[in-house]
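Counting from 1, the numbers follow the sequence of the chain as shown.
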Amino acid sequence: MPLQTQTSNEFYLNIQKLVKDTNLSYMDAVLHYCDQNGMEPETAAGLVNTKLKAQIREEAEELNFFPKTAKLPL
């Protein structure tokens, strides 16, 4: 699929598949996807939806890049 017509949901699904297939982190998967498809990371930033943003943030919190946010117990 041409990158110009890719929606944020299609981008999210591509990143999900890449994470599942390669065991990369979400951030690494986004950068790998950009590299493999000749896409600038700034372009990919416009395709990041709220689900992907939440998953990247969760990983960043686990790595102590961001302060942990309060979560309700499940």
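In this structure, the side chain of Glu59 does not engage the main chain of Ile56 through any donor-acceptor pair within 3.5 Å. In this structure, the side chain of Asp35 does not engage the main chain of Leu31 through any donor-acceptor pair within 3.5 Å.
In this structure, Pro41 and Cys34 approach most closely via the heavy-atom pair CA-SG, 4.0 Å. Residues Ala29 and Val19 share a closest heavy-atom pair of CB-CG2, 3.6 Å.
Note: the hydrophobic cluster containing Val30 does not contain Phe66 (ILVMFWY, side chain heavy atoms under 4.5 Å, direct or indirect links). In the hydrophobic clustering of ILVMFWY residues, with side-chain heavy atoms under 4.5 Å counting as a link, Tyr33 and Leu13 come out together.
Within the model, atoms CD1 of Ile15 and NE2 of His32 stand 9.5 Å from one another, a figure rounded to the nearest 0.5 Å. The distance from atom CG of Asn14 to atom CG of Leu52, rounded to the nearest 0.5 Å, is 11.0 Å. Separating the CD atom in Gln6 from the OH atom in Tyr12 is a distance of 14.0 Å, to the nearest 0.5 Å. With rounding to the nearest 0.5 Å, the separation of CD in Gln36 from CG in Leu18 is 8.5 Å. With rounding to the nearest 0.5 angstrom, the CE atom of Met39 is 5.5 Å from the CG atom of Leu47.
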### Query
Hey, mind stepping through Thr69 and Glu58 against side-chain contact (heavy atoms from CB on, under 4.5 Å) and telling me if it holds?
CA-CA 9 Å; Thr69 55; Glu58 187 175 318; over 6 Å; no

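Residue pairs that meet the side chain to side chain donor-acceptor pair (under 3.5 Å) test with at least one member in residues 22-31, sequence neighbours left out, are Gln16-Tyr26, Ser25-Asp28, Tyr26-Gln55.
Residue Lys68 qualifies as enclosed at atom NZ: its count of foreign heavy atoms under 6.0 Å is above 12.
The side chain to side chain donor-acceptor pair (under 3.5 Å) check on Asn49 picks up nothing, with sequence neighbours excluded.
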